[in-house]
2 protein chains.
Amino acid sequence: MLSVTRLTINDVARAAGVSKGAVSFALNSRPGVAPDTRERILKVAQEIGWTPSSRARALSVSRSLAVGLVIARPPATLGADPFFPSFIAGLESVLSERGYALLLQVVADDDRETPSYRRLVDEGRVDGVFLTDMFMDDPRPGLLAELGLPAVIVGPALGDDVWPTVGVDDAPGISAAVEHLVALGHSRIAYVGGPCGMVHGHSRQRAWLTALDAAGLPSAPSIEADFSAESGATATRQLLELAEPPTAIVYANDLMAMAGMSLAQSRGLDIPGDLSITGYDDSEIAAHLQPALTTVCTDVLEWGRAAATRLLELIDTQPATDIALPTAKLVVRDSTGPVPTTRPPTPTTTTPRRRQRTTRLRQMEMK
Amino acid sequence: MLSVTRLTINDVARAAGVSKGAVSFALNSRPGVAPDTRERILKVAQEIGWTPSSRARALSVSRSLAVGLVIARPPATLGADPFFPSFIAGLESVLSERGYALLLQVVADDDRETPSYRRLVDEGRVDGVFLTDMFMDDPRPGLLAELGLPAVIVGPALGDDVWPTVGVDDAPGISAAVEHLVALGHSRIAYVGGPCGMVHGHSRQRAWLTALDAAGLPSAPSIEADFSAESGATATRQLLELAEPPTAIVYANDLMAMAGMSLAQSRGLDIPGDLSITGYDDSEIAAHLQPALTTVCTDVLEWGRAAATRLLELIDTQPATDIALPTAKLVVRDSTGPVPTTRPPTPTTTTPRRRQRTTRLRQMEMK
DNA sequence: CGGAGTTCCTAAACCGGTTTAGATGCTCTC
DNA sequence: GAGAGCATCTAAACCGGTTTAGGAACTCCG
């Protein structure tokens, strides 16, 4: 190791016997360099092992060659969400190919993210950002428009936006779940959703409502939870304590479904004998639960790829290529089954089914 | 909005009636500027709303002001791991305070990461990296030493390394789990671990072995899995089919423990009546399982903070401040209980307990 | 054969900061 | 009161690329 200093474009220029500019032209495959000169330059660069410094590049092209992802969620909930890792992997696969880096920021939930974005812009760290976990009336698109920072909204389409939206439509997945339950004979299909103030919380609930309606079913109880296990358990408890508890519950994510399933089981209910349950996400554990969870699966990796592609297009002010995302698919497993037939036909204030079950349990324990 | 161009240090200099250099000095609180001048400059900068461009700063200080985290795992496994989100949140809290950004890369598992690091270095994207999911004889520390890129190893201490290690020791947590089970009367405490080729897989298994030994127990079956739900289920099946199945299983993470618990339950075993189970991680869902999972909890956020602090020190060639990380703690819940007392004293080739249980189940179903 | 048009390339400006060398004015000292 | 020493500040070089203006050589064409 003779020289400690990093290789620069000047070293290449000198070695190839040309000027800095020529090297730059050759590297970026721009006209103005003879084919054989170009080849010679590239060969020399290769030989001495030079890669352009993205620092220097970033300064001269007035771009950061990086995009940002700001995640504002309590880390606990984040950890249980299979979405982000796959999504980020999808982003990466496109970004790295185009020489872009991904800047990640995980901020406290209550920070409302906007200071983070402002800083990213002020410091010129990123050329664009992905917006996730959108709220209804989210201030961020407006803020970013004001700051002039390109953005892509990740999630269900909103419609009237300044920024493009890239997202797998929730509706088909939820609809499929409801239809599946209807086909199994269920008619009291409750819903445990995320915060209605959040776009995907909202859209999934709408999908459930629409599907019920399409099946000609009357409205059923719906509880607004917050995607956490705790809230899923609480919501489930409330539903089971209703005078007329549901025979099936559609959850807006797997985590709440798992917590709900556990809670129901702890009360002696058999899944799916007494209660059918569906999740959303198809997390790794879903298939290995007892019973295996019927859930909705989306191709999150592809989703990430699409979002990244769109953001880069936006940054380069290229026209949008419309990428068709595969729709959400229902994965039927063992947590859904035929509606219980032994149900008493007239609704009462007590819950006979649970009573009965409790009795059976008691017998078992006494044995 | 009169001018569309970004504010630069020149604008501040002009507005304050000083030179570029003076502004730079003032901003970085270096000597050579009179106190009142410094204040005036800062006030002007504040007023016109200028923040130094990190692009330009990065080029002139020959630093990227960013650090990298390369994650090489199949996204599916990643999504189920509560570690990274909290860890990243911890990193962020230190990095952002110091004006550093976090560059994230999620690469395919088989890419073995090294090309990613090489690229990060070649392009000058980062000033240092965190190494996670270390293998025994991992080539990365050596590679990075060669490339001259500072690194901090995240995980159990290895000892002979070029780079500092920041990690919560696994041993106390696993030991506590084993001791807890021993106290409950268990003597056949099996172990389902991660790949032994991985450092934390290895260290957790050693901890289990050591703890067994300390309790004066003979060696028990141990299965090398891969931290995935699938592998956890398979390992559990193998253990339960042993001539003399364990009465307790210690798992190296929650995901495998959950899958194992479900599998055991699907075979009619009662947890913890017939089999006690412990996990590792304390994921959000753990407390909401049926039964709630006894597991090991570590302060991952603090861990992230420590790792970031250490890496920045390394980059600035400052001496290491030794940060004491809180040790892993056992969280006792309901998946562990007294060893079954009804067990026949002589081992046979069949498994009477399960037989008995199956019978009970059958009775129930026939009813 | 002289001027217009191309092609290929170089020198120099530029991106927006940091940092160094040196100018200026002031105090201190003998 | 002249030179040393210091604090304060400026001008200019520098980081490592990209990009523009322009020069040299060569072709084309009337």
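Just so you know, these numbers come straight off a predicted model, no measurement behind them. Note: hydrogens, waters and symmetry copies are ignored here, and every other heavy atom, side chains too, is used. Residue numbering restarts at 1 for every chain, and letters A, B, ... go by the order of the sequence lines.
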Answer with base, sugar-phosphate or nothing: what part of the nucleic acid does [X] contact at a heavy-atom distance below 4.0 Å?
X: A:Ser54; value: nothing
X: B:Arg38; value: nothing
X: B:Arg63; value: nothing

Within the pair [X] and [N], is there a side-chain N or O less than 4.0 Å away from OP1 or OP2?
X: A:Arg57; N: D:dT18; answer: yes
X: A:Thr8; N: D:dC15; answer: no
X: B:Ser62; N: D:dG16; answer: no
X: A:Asn28; N: D:dT18; answer: yes
X: B:Trp50; N: C:dG16; answer: no

Whole angstroms only, please: what is the [atom1]-[atom2] distance between [X] and [N]?
X: B:Arg30; N: C:dG17; atom1: CZ; atom2: C1'; answer: 13 Å
X: B:Asp36; N: D:dA7; atom1: CG; atom2: C1'; answer: 12 Å
X: A:Arg14; N: D:dG16; atom1: CZ; atom2: C1'; answer: 13 Å
X: B:Leu59; N: D:dC14; atom1: CG; atom2: C1'; answer: 9 Å
X: A:Ile9; N: D:dT19; atom1: CD1; atom2: P; answer: 11 Å
X: B:Asp11; N: C:dC15; atom1: CG; atom2: P; answer: 11 Å
X: B:Arg55; N: D:dC14; atom1: CZ; atom2: P; answer: 24 Å
X: A:Phe25; N: D:dA21; atom1: CZ; atom2: C1'; answer: 11 Å

Residue whose nearest DNA chain D nucleotide is more 5′ - B:Val18 or B:Ala56: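 The answer here is B:Val18.
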Return the 5'-most residue of the pair A:Ser24, B:Lys20 with respect to DNA chain D, ranking by each residue's nearest nucleotide.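 In this pair, the answer is B:Lys20.
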What's the shortest heavy-atom distance between A:Asp11 and A:Arg6, and which atoms?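 Residues A:Asp11 and A:Arg6, closest heavy atoms: OD2-O, 4.0 Å.
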What nucleotide among C:dT10, C:dC9, C:dG17 has an atom nearest to a side-chain atom of B:Ser60?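 Looking only at side-chain atoms, B:Ser60 lies closest to C:dG17.
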Side-chain contact, heavy-atom cut-off 4.5 Å: B:Val199 with B:Ile153?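 Not touching, per the 4.5 Å side-chain cut-off.
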Salt bridge or not for A:Arg63 and A:Asp316, using N-O below 4.0 Å?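 Yes, A:Arg63 and A:Asp316 are salt-bridged.
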Short N-O contact, A:Lys43 and A:Glu39, less than 4.0 angstrom: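 Salt bridge: no.
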Taking the inter-plane angle between the rings of B:Phe87 and B:Phe83 on a 0 to 90° scale, is it parallel (under 30°), tilted (30 to 60°) or perpendicular (over 60°)?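 Geometry flag for B:Phe83 against B:Phe87: parallel rings.
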